[in-house]
Amino acid sequence: MRPARPVKTMKMPLPRPFQVVGAVALLIVAVYAAGWVLIQVGAMVSQVLIPIVVGVLLAALLMPTQLLFNHKLRLPRYVSAAVTVVGVVAIIGGIVYFAGRSIGKGIGDVVASLQEVLDQAEKWLATGPLGIDHEQLKGLFSQGREWLSANTSTLSSGALNATSSVGTVLVGVFLALIVALFILAEGDRLFSFMIMVFPDPTRTKVRETIRRSWVTLGSWARTQVVVSAVDAVGIGIGAAILGLPFVIPMIVITFLLCFIPLFGAFLSGAMFVLVALLFKGSIAALIMIGVVIAVQQLESNVLQPLLMGKAVNLHPLVVLLGVTTGTYLLGLTGALLTVPILAAVNAGYKYWVGRDPFPGLSAGGSALAGSPRTLAPRRKAAKLPKMVGGVTPQWIEHDREAEAAAPSVAEED
């Protein structure tokens, strides 16, 4: 009996469009899965990972001071780093102390002002379109007091949770300072040790990629400090001229809020306007709006382009989506850290694919002491065509070629 012949099956190859769609779908699934794993791991170690990132940013900010003590004054590495970190802690502590004293001295004015606002609100509710009589208002206030008494234990537990959160924050701050201290003192050794795991052909490219990212981080940190200080002090001077209370605490809060891209400036300006409205009236609030707009236009149109140049070259839509995503995942911390991380990754990616954002580094420039304006190509960004639809792949390629051909200051020197 003859064995049965195997049945031949006809393999029909998928059409090319289906293959492309399938490959893209698999890529999206793989990226999503990798992102999900990173988010889960990051959430588990966030209390350690976030202080490390903050410490790296702090070291990038303070590196010029470290170089001043170590290179110019010839102090030892760790002495220079310790003086730098302790100096920053002393400055921040002094600012917080004076801001707290200002709040403590003016707390009575706040209570009186709030009482006046409540009285005006009560009169408006009684005589306004709602027509609520005094007996109903007294009933509402008595209900509020009863609710407060009934929920005292809940508020107390919330205060305890806040205290424990403050303890966690203090531990994170201490860890960030230690990380910054070691990076300032021997960051070159740590950096070299990490890239030694790569083989020789790749090691140089990894090193140069990280150097570009470091220039971007340092530029962002130093520029953001200057811009935030100008915003806070400029608006604070306007508030002092108007005679607003709590100018020093509001300056400190504005300085911190300005580190949040897009939203921080709006929130800080709204805070000043609201205080002006409550304490000085509508005319003062309108004047305060003008001061806020003038100062913020100065920093966004003059200071940031002058100091930062193309070091943080991110599209506003990318910044908006990044800040929104970071806020959703990590809250306020995500809003603060998203832009510098995206900018550093963007700079490293550009170098890796052959579009060096800082060609001056290849010409002998320093990643520690070099300014991003001297390391970047000396060429202004090309203006978009006036007509919508004028940007094509060819236009982008031509713009990139022109940027790559432009020399930097370091190359000219």
Engineer: What pair of heavy atoms forms the shortest contact from L190 to F182, and how long is it?
Structural biologist: CD1-O, 4.2 Å
Engineer: Using every non-hydrogen atom in the two residues, find where A232 and I251 come nearest and quote the distance to one decimal.
Structural biologist: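 In terms of heavy atoms, the two residues are closest at CB-O, 3.3 Å.
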Engineer: Is the side chain of T216 donor-acceptor paired with the backbone N or O of A344 at a distance under 3.5 Å, no angle test?
Structural biologist: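 No.
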Engineer: Counting C-beta onward and ignoring hydrogens, is there a side-chain heavy-atom pair between V85 and I178 closer than 4.5 Å?
Structural biologist: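 A side-chain contact is absent here, since even the closest heavy-atom pair is not under 4.5 Å.
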Engineer: Counting neighbours of CZ on F266 that are heavy atoms of other residues, nucleotides or ligands and sit closer than 6.0 Å, is the number greater than 12?
Structural biologist: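 No, the 6.0 Å shell around CZ holds no more than 12 heavy atoms from other groups.
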Engineer: Which heavy atom in C258 sits nearest to a heavy atom in S228, and how many Å separate them?
Structural biologist: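 Nearest pair, atom of C258 first, then S228: CB-OG, 3.3 Å.
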Engineer: Is any side-chain heavy atom of W352 closer than 4.5 Å to one of V206?
Structural biologist: yes
Engineer: Considering only heavy atoms from C-beta outward, does the side chain of V56 approach that of W214 to under 4.5 Å?
Structural biologist: yes
Engineer: Starting at CG of L336, measure out to CZ of F259 and round the result to the nearest 0.5 Å.
Structural biologist: 8.5 Å
Engineer: If I take atom CG from residue L61 and atom OG1 from residue T223, how far apart are they, to the nearest 0.5 angstrom?
Structural biologist: 10.0 Å
Engineer: Can a donor-acceptor pair be found, under 3.5 Å and without considering hydrogens, that links the side chain of Q296 to the backbone of I235?
Structural biologist: no
Engineer: Under 3.5 Å, side chain of R211 to main-chain N/O of S366, donor-acceptor pair present?
Structural biologist: no
Engineer: Step by step, would you call T209 with Y349 a side chain to side chain contact (heavy atoms under 4.5 Å, CB included)?
Structural biologist: CA-CA 8 Å; T209 300; Y349 168 77; over 6 Å; no
Engineer: Given side chain to side chain contact (heavy atoms under 4.5 Å, CB included), test L181 with L177 step by step and report yes or no.
Structural biologist: CA-CA 6 Å; L181 175 68; L177 292 174; over 6 Å; no
Engineer: Between CG of L175 and CG of L49, what distance do you get to the nearest 0.5 Å?
Structural biologist: 10.5 Å
Engineer: Give, for atom CD1 of I183 and atom CD of Q66, the distance between the pair rounded to the nearest 0.5 Å.
Structural biologist: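 Here the interatomic distance stands at 11.5 Å.
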Engineer: Can you tell me how far apart CD1 (I210) and CE (M194) are? Round to the nearest 0.5 Å.
Structural biologist: 6.0 Å
Engineer: Which heavy atom of V295 sits nearest a heavy atom of V230, and at what distance?
Structural biologist: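 Result for this residue pair: CG1-O, 3.9 Å.
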Engineer: Between CG of N346 and CZ of R355, what distance do you get to the nearest 0.5 Å?
Structural biologist: 7.5 Å
Engineer: Could you work out, with side-chain hydrogen bond (donor to acceptor under 3.5 Å, both in side chains) as the rule, every residue matching R212, not counting sequence neighbours?
Structural biologist: E208, D356, S362
Engineer: Nearest heavy-atom pair of A347 and P357: which atoms, and what distance?
Structural biologist: O-CG, 3.6 Å
Engineer: Are any of the side-chain heavy atoms of I289 and F272 separated by less than 4.5 Å?
Structural biologist: no
Engineer: Using a 4.5 Å cut-off on heavy atoms from C-beta on, say whether the side chain of T204 contacts that of F198.
Structural biologist: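 When only atoms from C-beta onward are counted, T204 and F198 do not touch, as no gap falls below 4.5 Å.
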Engineer: Scan the side chains in residues 238-248 for donor-acceptor partners under 3.5 Å anywhere in the protein, sequence neighbours excluded, and list what turns up.
Structural biologist:
none

Engineer: Is there a donor-acceptor contact under 3.5 Å from the side chain of S268 to the main chain of G264?
Structural biologist: yes
Engineer: Could you check if a side-chain atom of M63 sits within less than 4.5 angstrom of a side-chain atom of L184, using non-hydrogen atoms only?
Structural biologist: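 Side chain of M63 against side chain of L184, heavy atoms only: contact under 4.5 Å found.
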Engineer: Check whether any side-chain heavy atom of L57 lies under 4.5 Å from a side-chain heavy atom of Q224, and answer yes or no.
Structural biologist: no
Engineer: Ignoring hydrogens and angles, write down the donor-acceptor pairs under 3.5 Å from the side chains of residues 318-328, residues two or more places apart or on other chains.
Structural biologist:
{"unit_1": "T324", "atom_1": "OG1", "unit_2": "L320", "atom_2": "O", "d": "2.7"}
{"unit_1": "T325", "atom_1": "OG1", "unit_2": "L321", "atom_2": "O", "d": "2.8"}
{"unit_1": "T327", "atom_1": "OG1", "unit_2": "V323", "atom_2": "O", "d": "2.7"}

Engineer: Is there a side-chain contact between F174 and V171 in this structure, where contact means two heavy atoms from C-beta onward sitting under 4.5 Å apart?
Structural biologist: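 Side chain of F174 against side chain of V171, heavy atoms only: no contact under 4.5 Å found.
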Engineer: Does CZ in R203 sit with more than 12 non-hydrogen atoms of other residues, nucleotides or ligands closer than 6.0 Å?
Structural biologist: yes
Engineer: Looking only at non-hydrogen atoms, find the nearest pair between V48 and P51 and report the distance.
Structural biologist: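 Heavy-atom minimum between the residues: O-CD, 3.3 Å.
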Engineer: Would you find a donor on one side and an acceptor on the other, under 3.5 Å apart, between the side chain of R77 and the backbone of A185?
Structural biologist: yes
